[in-house]
Amino acid sequence: MEPSTDDLDIEYVPIDEVARKLHISLATVRGWVRRGHIPPTTYIRVGNTYRFNMAAVVTALLRHEEHEEHEEHEEDTTEEDTTEEDTTEENNTENENG
């Protein structure tokens with residue numbers, strides 16, 4: 001993706017400002033970057049210096065949260081289905097041994 005003149009209007013902030021604005025620790029921000037919760041598209045890295053597009057960071061975190069909630073819901077549904085299958089199998093076994 002080629003940069004455009006629109007990118008010049010984006011304000012990039014240091015990592016400590018991201019932590020301050022989100023009311024979290026620097027370690028948490030760093031962890032989220034490592035785990036991809038804050039994706040590379042939301043920051044610029046030069047050497048060991050990061051500058052973050054705050055609006056893009058917040059958007060990415062909200063999307064990540066929605067994705068996790070969706071996955072948790074699917075896991076809950078799968079567990080319920082498994083439990084129902086287990087109960088049905090137990091009832092069938094009891095009826096056969098009856």
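When a residue number appears, it is its place in the shown sequence, counting from 1. All of these numbers come straight from a predicted model, not from anything done at the bench.
Ring orientation note: the planes of Trp32 and His37 are nearly perpendicular, at an angle over 60° on the 30°/60° scale.
Tracing side-chain contacts under 4.5 Å through hydrophobic residues (I, L, V, M, F, W, Y), one reaches Leu26 starting from Val58; they form part of the same cluster. Under the 4.5 Å side-chain heavy-atom criterion for grouping Ile, Leu, Val, Met, Phe, Trp and Tyr, Val57 is not connected to Ile10 through any hydrophobic cluster.
Looking only at side-chain heavy atoms (C-beta outward), Phe52 and Val33 come within less than 4.5 Å of each other. At least one side-chain heavy atom of Met54 sits under 4.5 Å from a side-chain heavy atom of Leu22.
Within the structure, no pair that satisfies the salt bridge (charged side-chain N to carboxylate O under 4.0 Å, His left out) test touches residues 27-53, not counting sequence neighbours.
Under the rule for a side-chain hydrogen bond (donor to acceptor under 3.5 Å, both in side chains), the partners of Thr28 that lie at least two apart in sequence or sit in another chain are Ser25. Not counting sequence neighbours, the partners of Ile44 by the side chain to side chain contact (heavy atoms under 4.5 Å, CB included) test are Tyr12, Val46. Partners of Glu17 by side-chain hydrogen bond (donor to acceptor under 3.5 Å, both in side chains), not counting sequence neighbours, listed by chain and number: Lys21. Listed by chain and residue number, Asn53 satisfy the side chain to side chain contact (heavy atoms under 4.5 Å, CB included) test with Ala55 (two or more places apart in sequence, or in another chain).
The CG atom of Leu62 sits 6.5 Å away from atom CD of Glu66, with the distance rounded to the nearest 0.5 Å.
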- May I have the step-by-step check of side-chain contact (heavy atoms from CB on, under 4.5 Å) for Arg63 and Leu61, ending in yes or no? CA-CA 5 Å; Arg63 285 185 182 147; Leu61 290 172; over 6 Å; no
